[in-house]
Amino acid sequence: MQPSKSNTAHRAIALVDVNNFYVSCERVFNPKLRNKPVVVLSNNDGCAVARSNEVKALGVPMGAPWFKFKDLAKQHGIIAYSSNYALYADMSNRVMSILRQFSPDQEVYSIDESFLDLTSFQRRDLVKYGQLIRSSVLKGTGLPVCVGIASTKTLAKLANHCAKKRPEYNSVCNFNSMSDSQLDQLLSEIDIGEIWGVGRKRAPKLKQLGFNTVLDLKRANPEILRQNFSVVMEKTIRELNGIVCIELEEVTPDKQQILSSRSFGTPVTDIHGLSESISLYVSRAAEKLRRQQSYAGSLYVYIRTSPFRDKDPQYSNGMTIKLPSPTDSTPKLVSIALWGLKQIYHPGYNYAKAGIMLGELVPASGIQTDLFSTMQPNPKSERLMKAMDLINRKMGKESIKMASEGFKHPWKMKQENKSPCYTTNWDELLKVD
DNA sequence: ATCACGGTTTGCA
DNA sequence: CTAACGTGCAAACCGTGAT
C-alpha cells in the first residue's frame, strides 16, 4: 500500500512565474540595481506595475498612482523606470523557449507566466525537476523564477504563491507531494483573495458568507456557491479539490477583438491631435490583425476626458461602426475610424485618452466573398499592406506609416526614464555607458 | 418565458 | 514649475426588445 496521498494525482501541472518580472529584466542589464528598491511604471509613467521586494516592503501597492509616492521614493532612493516593453517581450520569449524544453505541453499564460504539464514526468522527483527549471532559466536569461506544482491550474497558482512567499520551499513548491492533512493545513493559512478567480469584488462577498481561507472554499458546496456567484466559482471549488475543470490551452486561439488605446502625456483639445492618435492606434491594431490573419467586421472608436480631473467638464463617448465588409486594410480602417471620430467629437474638452477596438474578427481564409460587392479583397491593397508590414518588421517600428498619423505628437506619452532596448536595438545598446 | 443582442462589470497579468 | 491614475484581453452579467 502506498502512503495515503490525497491528490491521487492524476495530473501534475506546473506554474512557472518570473519574480517581479519587469524589475528583474532591468536588473539583468544593470546589476547595480540589485538589492536596491526599484519600480517599473506603466505607460505615461502613471502607475507602479512592477515592484522589487524592497519597494513592496516600503508599502507601495500594486498599481499605485506614482505621483502619490514620489515623496516616499525620494526619501528611500527608489529608482523608477518607465516601462520598456520591447525589452520585456524579448526576455519573455527567451524564458518561454527555455521552459518549452521541460515539457512538450506548454501554455504561455502571460508575459511572465507559463503552465507546463508535467504529468508524464512523475516518476522523477518533481521538486528537483522544478529546481532544474529554475536554474536553467536563471543561467539562460539571468531571471529568477518560482515554480508551483499541483494537480490543477488553480492549485498550481496557489503552490506558486507558496513557493514565492515561504522561503522554506526554496522557490519550488509541490502540493502533490504533500499528504491531505499537510496540504489542508497549508491551505487554511492562505487568504481567500489569493485564489485565481477571486478578486477585489468576490473576496469580500465570500468573507461575508464566512469563507475566509482557501480551505474554507475548498470545503464549500459547489452547487450552492454557484447560485450565489457563477459557474466560474463552481469550477474554482472543484479545482481546489483536485478535479480538473480548466484545461491547459496550448494553442493560443485567435483574438476575438483587438484593442489599441493610450492616455495622452498632455491633454488634447483639438480634433487634429485626436485624429493623429486614432490613426496611429488603428495602424497598430491592423498590424496585429494581419499577423493573426484575420479581418475585422466592426470598429469601435472612443475618446474621453480624465475622470481624475474632476474640476474639468467631463465627456466620454464612443461609437461602433459596422464595416460594409470585413477588411484588414489600414487605410480603409483609418478613414472609417476618423469618420467615427468626427461624429463623437465635441470641442471644448480636455481629452485624456482615445482608443479603438477591432471587433467581429473572422479568419482571412473563411472570408465571405460577395461576387457583387464593391469591397472585395483588393490584391493591390493587400500587396501594399504586406510590404508595409515587412518594412516595419525589418527596419523597425514606424519606418513607414500613414500620413494621417502625423509626426510631432505633442500628446505622446510620458516616459521619463526608459532603459535602453538592450536586446533588440543595436543603436540603443551603443549608448550604454 | 426565452432568446439574442449590446453594453457593462469583473478579473487577470 | 505644476499636475499628475495603464493596457488588453475574455467571459460573465444584465437590461432590453423581439418572439
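Chain identifiers are assigned alphabetically (A, B, ...) following the order of the sequence lines, protein sequences preceding nucleic acid strands; residue numbering begins at 1 within each chain.
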Within the pair [X] and [N], is there a side-chain N or O less than 4.0 Å away from OP1 or OP2?
{"X": "A/K353", "N": "C/dT7", "value": "yes"}
{"X": "A/S42", "N": "C/dT7", "value": "no"}
{"X": "A/S263", "N": "C/dT7", "value": "yes"}
{"X": "A/R309", "N": "C/dC5", "value": "no"}
{"X": "A/S306", "N": "C/dA4", "value": "no"}
{"X": "A/Q256", "N": "C/dC9", "value": "no"}
{"X": "A/S261", "N": "C/dG8", "value": "yes"}

Scan [X] against the nucleic acid and name what it touches under 4.0 Å (heavy atoms): base, sugar-phosphate only, or nothing.
{"X": "A/Y85", "answer": "nothing"}
{"X": "A/L358", "answer": "nothing"}
{"X": "A/K157", "answer": "sugar-phosphate"}
{"X": "A/D112", "answer": "sugar-phosphate"}
{"X": "A/W196", "answer": "sugar-phosphate"}
{"X": "A/K68", "answer": "base"}
{"X": "A/F21", "answer": "nothing"}
{"X": "A/L41", "answer": "nothing"}
{"X": "A/G63", "answer": "nothing"}
{"X": "A/S83", "answer": "nothing"}

Under-4.0 Å salt bridge between [X] and [Y]:
{"X": "A/K218", "Y": "A/E239", "answer": "no"}
{"X": "A/R226", "Y": "A/E223", "answer": "no"}
{"X": "A/R27", "Y": "A/E54", "answer": "yes"}
{"X": "A/K165", "Y": "A/E189", "answer": "no"}

Provide the distance between the two P atoms, one in C/dC5 and one in B/dA13, to the nearest whole Å.
->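 That atom pair is separated by 25 Å.
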Compare the minimum distances between each of C/dA4, C/dA10, C/dA12 and the side chain of A/K255, then state the nucleotide with the smallest one.
->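 The answer is C/dA10, which lies nearest to the side chain.
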Between C/dC9, C/dA10, C/dA3, spot the one nearest the side chain of A/K288, thanks.
->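 Between C/dC9, C/dA10, C/dA3, the one nearest the side chain of A/K288 would be C/dC9.
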Do we get A/K353 above A/F264's six-membered ring, with its NZ or CZ under 6.0 Å from the centre and within 45° of the axis?
->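 No cation-pi geometry.
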Of A/I356, A/L274, A/V334, the residue whose pairing with A/S279 passes side chain to side chain contact (heavy atoms under 4.5 Å, CB included) |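 Going through A/I356, A/L274, A/V334 one by one, the side chain to side chain contact (heavy atoms under 4.5 Å, CB included) with A/S279 is satisfied by A/V334 alone.
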Find the partner of C/dC5: check Watson-Crick (N1-N3 plus N6-O4 or O6-N4) and G-U wobble (N1-O2, O6-N3) distances, both under 3.5 Å, and reply none if neither fits.
->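 When the pairing criteria are applied, nothing turns out to pair with C/dC5, so the answer is none.
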Check the distance between [N]'s [atom2] and [X]'s [atom1] and give it to me in whole angstrom.
{"X": "A/L158", "N": "B/dC12", "atom1": "CG", "atom2": "P", "answer": "11 Å"}
{"X": "A/R202", "N": "B/dC12", "atom1": "CZ", "atom2": "P", "answer": "7 Å"}
{"X": "A/K201", "N": "C/dA11", "atom1": "NZ", "atom2": "C1'", "answer": "17 Å"}
{"X": "A/R304", "N": "B/dT8", "atom1": "CZ", "atom2": "P", "answer": "14 Å"}
{"X": "A/D71", "N": "C/dA4", "atom1": "CG", "atom2": "P", "answer": "16 Å"}
{"X": "A/M357", "N": "B/dG7", "atom1": "CE", "atom2": "C1'", "answer": "11 Å"}
{"X": "A/L72", "N": "C/dA4", "atom1": "CG", "atom2": "P", "answer": "21 Å"}
{"X": "A/E249", "N": "B/dC12", "atom1": "CD", "atom2": "P", "answer": "16 Å"}

Position toward the 5' end of DNA chain C (nearest nucleotide), A/F229 or A/F308 =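 First, find each residue's nearest nucleotide; the 5'-ward one identifies A/F308.
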Considering heavy-atom distances to DNA chain C, does A/I258 or A/G46 have its closest nucleotide positioned more toward the 5' end?
->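 Looking at DNA chain C, the more 5' nearest nucleotide goes with A/G46.
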Testing A/Y88, A/Y81, A/Y422 for ring-ring contact (aromatic ring centres under 6.0 Å, His included) with A/F29, which one passes?
->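 Single ring-ring contact (aromatic ring centres under 6.0 Å, His included) partner of A/F29 among A/Y88, A/Y81, A/Y422: A/Y422.
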